Structures are given as C-alpha cells and as structure tokens.
Amino acid sequence: MKIKLNELPFKKESMSKLFSDEALDFHHDKHHAAYVNKLNELIKDSDFEKMSLEALVKKAEGPMSQNASQVYNHDFFWKCISEDGGAEPGEKLSKQLRKYFGSYDTFIEKFTKAAMTLFGSGWVWLAMNKDDSLEILQLPNSGTPITLDKKPLLCLDVWEHSYYIDYRNDRAKYVEAFMQVIDWEFVSSQL
Ligand code: FE2
C-alpha cells in the first residue's frame, strides 16, 4: 500500500470532550481508512503510485483526487484537535485573527457560522493566502485549500459521519465542542 492510514496523533480516550471512542472507531478506522484504501486501489499500477499524497490532491482528477483530498483533509483535521486545546491562540496568530476578523471572538463566530451554513458535506477551513491574509473557506465535499493555492491552518470536518454517532443531527453542538479542543499551538505552527 503506497498511501498510509496515519495513526491518530492522540489517544482515542483523550478526545472525549469532542468524540467518543466509538465515533473515532468509525471516523478514523472506517471512514478515513476507506478513503486510503480506495485511493490505493485507484493508483495501483499507474504513474500516480509514485506521487506524494499532496501531489495526488493537486494533480489527480475525479475520484482519485477526491479520495486523496479526503485523506489529506482527515490527516490535517486530526492534528487540529488536542485534549489540551481550546485556550486562545498565541500572540502572533491572535494578531492576525484581529487584523482579518476583528477579534478572536468574531473569528469564532464567523467560523461557526460557516460550519453551520455549509449545505451538505464538506470542510470549513482557516487558510492563509500568498499575501499572508487569512480567510475562512467553506468548501463542500472533499474541498481543500491546497488546490486553491492557499495554506491550510485549521479545519473542521462537517461531514455527517463526523458527528452523527455522538451528536446525532445536532451539528451546532458538535461545532461548539470542537471550539473547546482546537490545538492553537498546531494552528500557529502552520503560519
Ligand atoms: Fe470525516
């Protein structure tokens, strides 16, 4: 298998503020794993087999690109959450958030609104443009900033598979819980 299913960067039981073990069993071990398996099936015995995951996201098309993006997005998503997360970001990122969104609270408000109003499945991102400006992206399906030439800083998976086990249809409760575990140290390290 060329593309690996990366381990979760935290112990399942440590993430209980956001996800139950059962939810992570399904989300990581089944959904995320299925994208990895499908991608490996699609690239098998082709020139794409030699490409990195990021290159596949950018250069492949159709299902190959969609599955590669889902693998990339999930790998990134798991890094955005931590049991020690939730505190406000450090000075450098706080300054950027103030500059582009007015305040940390307004950023949280706007990010939450983007997560709540994304119709159907998709991802909400905080991303950085080439001129260092920050923006919130509401990307449906397997959307990812790296195909838009933007640098990802933070993402939230708003596919129903992410919250149905723990929150049923209550996306708002899920988004609220996510805000309490954002690993701002990781997000800042991406600046
Ligand atoms: Fe997901």
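Atoms within a ligand are numbered from 1 in the order they appear, just like the ligands themselves. The figures here come from the full heavy-atom set of this structure, side chains too, leaving out hydrogens, waters and symmetry mates. If you're wondering where the values come from, they're calculated on a predicted model, not measured in any experiment.
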Q.
How large, to 10°, is the angle at the Fe ion (ligand 1) when you draw lines to NE2 on H161 and to NE2 on H27?
A. 100°
Q | Presence of salt bridge, K110 and D105, under 4.0 angstrom | A | no
Q: Give a yes or no on whether a salt bridge exists between D149 and K130, defined as a side-chain N under 4.0 angstrom from a carboxylate O.
A: yes
Q. Can you name the N/O/S atom of D157 that is nearest the Fe ion (ligand 1)?
A. OD2
**Q.** Backbone or side-chain N/O/S of H74 under 2.8 Å of the Fe ion (ligand 1)
**A.** yes
Q: Could you tell me whether E91 and R98 make a salt bridge, using a distance below 4.0 angstrom between a side-chain N and a carboxylate O?
A: yes
Q: Check whether the ring centres of H74 and H27 lie less than 6.0 Å apart, and answer yes or no.
A: yes
